[in-house]
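Here the structure is laid out as structure tokens; the discussion comes afterwards.
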Amino acid sequence: MEADMKIAGFGVEEWLNKWEKSATYDISQSTISSMTMAELLSLDGVNGQTFYASLNKEKMNYGWIEGSPEFKKEAAKLYQHVPAENILQTNGATGANHLALYSLIESGDHVIAEYPSYQQLYDIPKSLGATVDYWHIREDNNWNPDIDELKQLIKPNTKMICLNNANNPTGTILDRNLLQQIVELAKEVGAYVLVDEVYLPLDDPDSFVSIADLYDKGIATNSLSKTYSVPGIRLGWTASNKEVADIFRKYRDYTMICAGVFNDLLGTYVLKNRARVLARNSKIVLHNLSILKEWVAQEPKVSMIFPRAVSTSFVKLDIQPEQTEQFCIDLLKDEGVLLVPGNRFDTPSHARLGYCTDTATLQEGLKRLSLFLHNSKYAN
Ligand SMILES: Cc1ncc(COP(=O)(O)O)c(C=O)c1O
């Protein structure tokens, strides 16, 4: 019993683990339509020949412990001020967040976390014995947080502020101006700012500002799972200053050693072809977002504060709050459509709607969701 009480169940993951394989129209996911190996390896126009030729020569030893020099160089290009030596490969962004929290947070620390967001960012610190205060994003403020509330929350012993930029599930972006204000507050008490940056606004990726470029004690985590459409690689990384990277190195040896030769090779290929991946994906996101907007405009039983070309959205449904989870279960059983019920983000009557699946699935999923809203027992 004791062991069970050390950490809360991961609401979204438990939901997806249980239901995602039975969905016909999965519009719950936050990854931009995942690529097959064939699609991925056709990006550079040589259909994977070069990739497989290199792979065949690789020994399946541990490979580069921190990630290969090529990988680290490519990942460092995403930042203005992070040298390759301060990039450390991890097992997805999940691994990156875990590494950062496990390395830096200890019992008695005070942590502030954007809420709701990715559950790791508050429940891992709690499990390590920290006191966690929530910095709420608010629907009546277009899902933005309020800097004045952060001023109220911050304390002399605040060890870390955990953010998710852009936010899962709402897509909220923390822009340079807001990040700078957060950094000023963090500096006053010497707090780290950890930002999970797996979602990128694809209408203008260059406008995105990483915390690692803004603040010496800023830690960026990222991965190839969402914006880059290859969660199957399980590859992520941390970007930080050298002192923090050295702390991470110590803990990393105990928790992962390395991310694997195959993953490194494929991940390096993805980052080298980043421009092509982003071109593919911005097309999908922008096209699907326009479909989503049209659907919301003509569907009286839903409303939405739209994300800015980020691959996750949060829809408000015309259902009773306490029905949220059962509505989503019945929607799946009757129509084959999967959402993530908003109670899993502590926000009932809402649902995460992953509109960046393939377009046909999105269209059929939305159509069936409308039918269900109007014709099922939930219609009133
Ligand atoms: C904010 C955020 N971080 C991390 C992850 C997990 O990423 P990865 O597959 O890289 O471990 C997710 C997945 O939903 C996410 O939404």
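Order of appearance sets the numbers: ligands from 1, and atoms from 1 within every ligand. As the structure is a prediction and not an experimental result, all values here were calculated from the model.
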Practice task
Tell me, please, which residues at least two apart from Y79 pass ring pair (Phe, Tyr, Trp, His ring centres under 6.0 Å).
Solution key: none
Handout entry: Protein residues that have a heavy atom under 4.0 Å from any atom of ligand 1, sorted by chain and number
Key = S30, G92, A93, T94, Y118, N164, N168, D196, V198, Y199, S223, S225, K226, R234
Exercise for the section: Return the orientation label for the Y115 and Y134 ring planes: parallel under 30°, perpendicular over 60°, tilted otherwise. Expected result: parallel
Exercise for the section: Measure from the side-chain N and O atoms of E85 to the backbone N and O of K242, and report whether any donor-acceptor pair falls under 3.5 Å. Expected result: no
Handout entry: Spacing of CG belonging to D264 relative to SG belonging to C258, to within rounding of 0.5 Å
Key = 9.0 Å
Practice task
Mind listing the closest non-hydrogen atom pair of L101 and Q120 along with its distance?
Solution key: CD1-O, 3.6 Å
Practice task
Could you tell me how the ring of F314 sits relative to the ring of H350: parallel (under 30°), tilted (30 to 60°) or perpendicular (over 60°)?
Solution key: parallel
